[in-house]
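Note that the structure is predicted; figures quoted are calculated from it, not measured.
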Amino acid sequence: MQRTPLYDRHEASGARIVDFAGWAMPIQYPSGINQEHLAVRQEVGLFDVSHMGQLRVTGPQVVEFLRWSTLNDAGRLKHGRGQYSMLPNDRGGLVDDLYVYRDAELDYLIVANAGNVEVVASHLRELAELFDVELADESERWALLAVQGPGAALAVERVSDSDLASVRKNQTLDASIGACPVRLARTGYTGEDGFEVFVAPEDAGAVWDLLIEAGAAPCGLGARDTLRLEAGFPLYGHELGPDTNPLATPFAWVVKDKPFYGREAMWGVDPGRRLVGMKLTGRGVARQGYEVVDERGGPLGEVTSGTLSPLTREAIAMAWVRTSHAEPGTALSVLIRGQAHPATVVVPPFYSS
Amino acid sequence: MQTPDTLRYMSSHEWTSAPEDGIVTVGISDFAQDQLGDVVFVELPEVGRKVSAGDAIAVVESVKTASDIYAPLAGEVVAVNEALEDAPEAINEAPYEGGWLFKLRVDEPAAWEELLDAAGYEAVAEAD
């Protein structure tokens, strides 16, 4: 398993380490997932997301290339800003979901999921043959930390040289934390305000320690998953995959009406199902893979993620269901160990901030 | 990790108290609750249900996963810990006391002796 530059710190603080996409990552610290989750919703938490991959894309045709190869419109990004985006395949589904940052006119940085970096890179390299662009895998150059929660800006300000009040969502900023140069991006995947901190691997430990001293609670991938689910954000491999049409999801806004790779297999093609949020109305927890059925037991689809919301204590889930049962308020059922448990279609997020 | 030596265990991490008037109490071990993490939901068997040793009769769910709980011995469910419905975290806080799951009237009390003792269970848990 690969280790991030923060591995020793995770181990020393008693984190439970698991194999995540080939990386030895902390799933939780001794405080437990629920407390970590609440720390991010109410105060501030700190995540090591150094397992994610970075690809630098540059060159005279980088804008045309990214407008063709990704679903959001990277050409509309101002310098020093980022956007959530997706990488389409040629059969109406996705290779990955991404964050795309524009560092300069012809200089972009893409952040991809850990398990997908090589697939994303080879897919982009193939498409890049028709464009005058350069791709460079910068995954080794960056450690990535996420400081998330209503207290995130205050915590970062305590240890950096920057006034963050004017930094807008999705904006990036070069700064220092302690003596370490960092790239801050006001982004994250928890539903809270916060920053992602790009830092050289050799500086990651010092930056981590300073942010912990500034009051951030260390959080593992377990809380990261419950937070993103509660916020209604998709995770590749769960809600999204090679056969999921993003136009049938709440994230259809990502797909801009322009020419893009694989458009004819996606645009205007109705898969007959929708990605929805659900709340269970009784007791029980829906989990990935559980079947969703109608009142007569007829199959409607499958749960993609589910947990008990640490904040609201309700059983929440996302699922692909037939379009006929996708309207908010629709009653349906989840089969939990063979028993039908009633649920209602709701629009995420699953909590009000 | 606490593994009281007054109890017997299964390799699937359930503990079982010594039979008193033919009745045993069953829960999950300290090791198991620690591995699971925050317990958020418990599904308990019906009182009166007849069970065989090894039947999956309860479910303990943590934030991340659902785990089956097996009957350690054959018998009948005579009580369940209803307090867990509102406070499943008792399993994390006191796995051998407030976090008990169910009580069985066992068919053969002597079979309890054949379950793993504390040392045997610790060896299994460490290898896990």
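- Smallest separation of non-hydrogen atoms from B:V42 and A:R283: O-NH2, 3.1 Å.
- Residue B:D34 comes nearest to A:R16 through the heavy atom pair O-NH2, 2.7 Å, listed as atom of the first residue, atom of the second, then distance.
- Here the OG1 atom belonging to A:T307 is positioned 12.5 Å from the CZ atom belonging to B:F41, to the nearest 0.5 angstrom.
- With a 4.5 angstrom heavy-atom cutoff, B:E61 touches chain A via backbone and side-chain atoms both.
- A:R287 and B:S62 get closest at one heavy-atom pair: NH2-O, 2.6 Å.
- Shortest non-hydrogen contact noted between B:A66 and A:Y290 is CB-OH, 4.3 Å.
- The distance from atom CG of B:D38 to atom NE2 of A:H37, rounded to the nearest 0.5 Å, is 11.5 Å.
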Does the pair B:K64 and A:D225 meet the rule for a side-chain contact (heavy atoms from CB on, under 4.5 Å), with working shown?
CA-CA 9 Å; B:K64 297 298 288 177; A:D225 192 44; 3.5 Å; yes
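- Both the backbone and the side chain of A:I33 come within contact range of chain B, judged by heavy atoms closer than 4.5 Å.
- Top candidate by heavy-atom pairs under 4.5 Å with chain B, chosen from A:I27, A:L308, A:T226, is A:L308.
- If you tally non-hydrogen atom pairs under 4.5 Å between each of B:V63, B:V40, B:T65, B:N92 and chain A, the highest count goes to B:V63.
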